[in-house]
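Hydrogens, waters and symmetry mates are skipped; everything else that's a heavy atom, side chains included, is used. Computed from a predicted structure; not experimentally measured.
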Amino acid sequence: MKKSSTIYLILHNIRSAENTGALFRTADAGGIAKVFLVGTTPAPIDRFGRYRRDVAKSALGAEKNIDWGYRTKLGPLLKRLKLEKFKIIAIEQSSRSLDYKIVRTFPRTVFILGNEVRGLPSSVLKIADVIAEIPMRGKKESLNVATAGGIAIFRMLNL
């Protein structure tokens with residue numbers, strides 16, 4: 001990752017507060033500038049302005065170090081980021097995906113991760129500039145979203 005790079009992370013409809021917290025730690029460790037929480041993804045602060053212990057438990061303070069924002073809908077956010085010349089890297093399994101080990105970031109990159117069960121919708125994969133996949137060698141089809149995010153983001157950022 002170059003010093004002049006701006007890297008964002010979008011968490012789309014993540015169910016688990018613990019996964020959200022763990023991804024905040026990954027974002028902090030990787031130098032990600034901002035995390036966007038979209039749809040049903042739990043935020044570090046509830047609607048009453050109180051810090052959520054379930055997010056904080058795995059974030060361990062990273063949720064206070066990283067700039068973050070909440071959006072109800074993903075489409076307008078992606079449209080705005082595309083207009084701002086960000087390249088979208090979806091971390092997902094797809095017939096169009098590339099092995100994550102060969103994917104490199106751009107000066108303005110957005111990583112996007114989706115729901116633990118359904119993943120990212122096909123409409124998002126169509127918009128993505130790159131779809132990065134971690135090849136699975138065992139019997140399970142996929143990794144936990146926070147684990148996959150950490151592995152893929154650190155490799156693609158060359159950290």
**OP:** Any salt bridge (Lys or Arg N to Asp or Glu O under 4.0 Å) involving residues 106-122? Give me the pairs, sequence neighbours left out, ordered by first then second residue.
**Re:**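 Sorted result for residues 106-122: R15-E116.
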Original post:
What do the steps show when you test T20 against L37 for side chain to side chain contact (heavy atoms under 4.5 Å, CB included), and what is the final call?
Top reply: CA-CA 9 Å; T20 299; L37 310 169; 4.1 Å; yes
**OP:** Output every pair passing ring pair (Phe, Tyr, Trp, His ring centres under 6.0 Å) with a member in residues 118-138, not counting sequence neighbours, ordered by first then second residue.
**Re:**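 Matches after skipping sequence neighbours: none remain.
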Subject >> Within residues 125-146 or reaching into it, pairs that qualify as ring pair (Phe, Tyr, Trp, His ring centres under 6.0 Å) - sequence neighbours excluded >> reply: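 Those involving residues 125-146 do not exist here.
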Decide if atom [atom1] of [X] counts as having more than 12 heavy atoms of other residues, nucleotides or ligands within a radius under 6.0 Å.
{"X": "K79", "atom1": "NZ", "result": "no"}
{"X": "K57", "atom1": "NZ", "result": "no"}
{"X": "E141", "atom1": "CD", "result": "no"}

Within this structure, what is the [atom1]-[atom2] distance for the pair [X] and [Y], rounded to the nearest 0.5 Å?
{"X": "N115", "Y": "E92", "atom1": "CG", "atom2": "CD", "result": "9.5 Å"}
{"X": "R104", "Y": "L98", "atom1": "CZ", "atom2": "CG", "result": "11.5 Å"}
{"X": "I153", "Y": "T105", "atom1": "CD1", "atom2": "OG1", "result": "11.0 Å"}

**OP:** Kindly indicate, with the supporting measurements, whether the criterion side chain to side chain contact (heavy atoms under 4.5 Å, CB included) is fulfilled by I89 and M156.
**Re:** CA-CA 10 Å; I89 298 178; M156 289 184 270; 3.9 Å; yes
Is the shortest side-chain heavy-atom distance between [X] and [Y] below 4.5 Å?
{"X": "I14", "Y": "T40", "value": "no"}
{"X": "P107", "Y": "K85", "value": "no"}
{"X": "S58", "Y": "E18", "value": "yes"}
{"X": "R71", "Y": "R80", "value": "yes"}
{"X": "V103", "Y": "R155", "value": "no"}

Subject >> Q93/S142 under side chain to side chain contact (heavy atoms under 4.5 Å, CB included): CA gap, chis, key distance, verdict >> reply: CA-CA 9 Å; Q93 297 171 331; S142 64; 4.1 Å; yes
**OP:** Output the rest of the hydrophobic cluster of I151: all Ile, Leu, Val, Met, Phe, Trp and Tyr residues reachable through side-chain heavy-atom contacts under 4.5 Å, sorted by chain and number.
**Re:**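 Reading the cluster by chain and number, I151 sits alongside Y100, I134, M136, L143.
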Original post:
Transitive ILVMFWY cluster of L81 at side-chain heavy atoms under 4.5 Å: who else is in it?
Top reply: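 Taking Ile, Leu, Val, Met, Phe, Trp and Tyr as members, L81 shares its hydrophobic cluster with Y8, I10, F36, V38, L74, L77, L78, F86, I88, V110, I112, L120, V124, L125, I127, I131.
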Which heavy atom in [X] sits nearest to a heavy atom in [Y], and how many Å separate them?
{"X": "R96", "Y": "A128", "result": "NH2-O, 3.5 Å"}
{"X": "E133", "Y": "S94", "result": "OE1-N, 3.4 Å"}
{"X": "D99", "Y": "P135", "result": "OD2-CG, 3.3 Å"}
{"X": "A17", "Y": "R52", "result": "CB-NH2, 4.0 Å"}
{"X": "V55", "Y": "P42", "result": "CG2-CB, 4.3 Å"}

Would you mind writing out the side-chain donor-acceptor pairs for residues 26-35 within the sub-3.5 Å range, not counting sequence neighbours?
residue, atom, partner, partner atom, Å
T26, OG1, A22, O, 3.3

Original post:
Does NZ or CZ of K64 lie under 6.0 Å from the centre of the six-membered ring of F24, at an angle within 45° of the ring axis?
Top reply: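 No, a cation-pi geometry is absent between K64 and F24.
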**OP:** Start with the C-alpha distance between L157 and F111, add both sets of side-chain angles, then the distance that settles side chain to side chain contact (heavy atoms under 4.5 Å, CB included), and finish with yes or no.
**Re:** CA-CA 11 Å; L157 291 176; F111 293 111; 4.1 Å; yes
Original post:
Any donor and acceptor pair, going by atom type alone, linking the side chain of T41 with main-chain N or O of N13 inside 3.5 Å?
Top reply: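 It does hold such a pair.
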Original post:
Is a side-chain donor or acceptor of S5 paired with a backbone partner of I7 at a separation under 3.5 angstrom?
Top reply: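 The answer is no, because no donor-acceptor pair under 3.5 Å joins these two groups.
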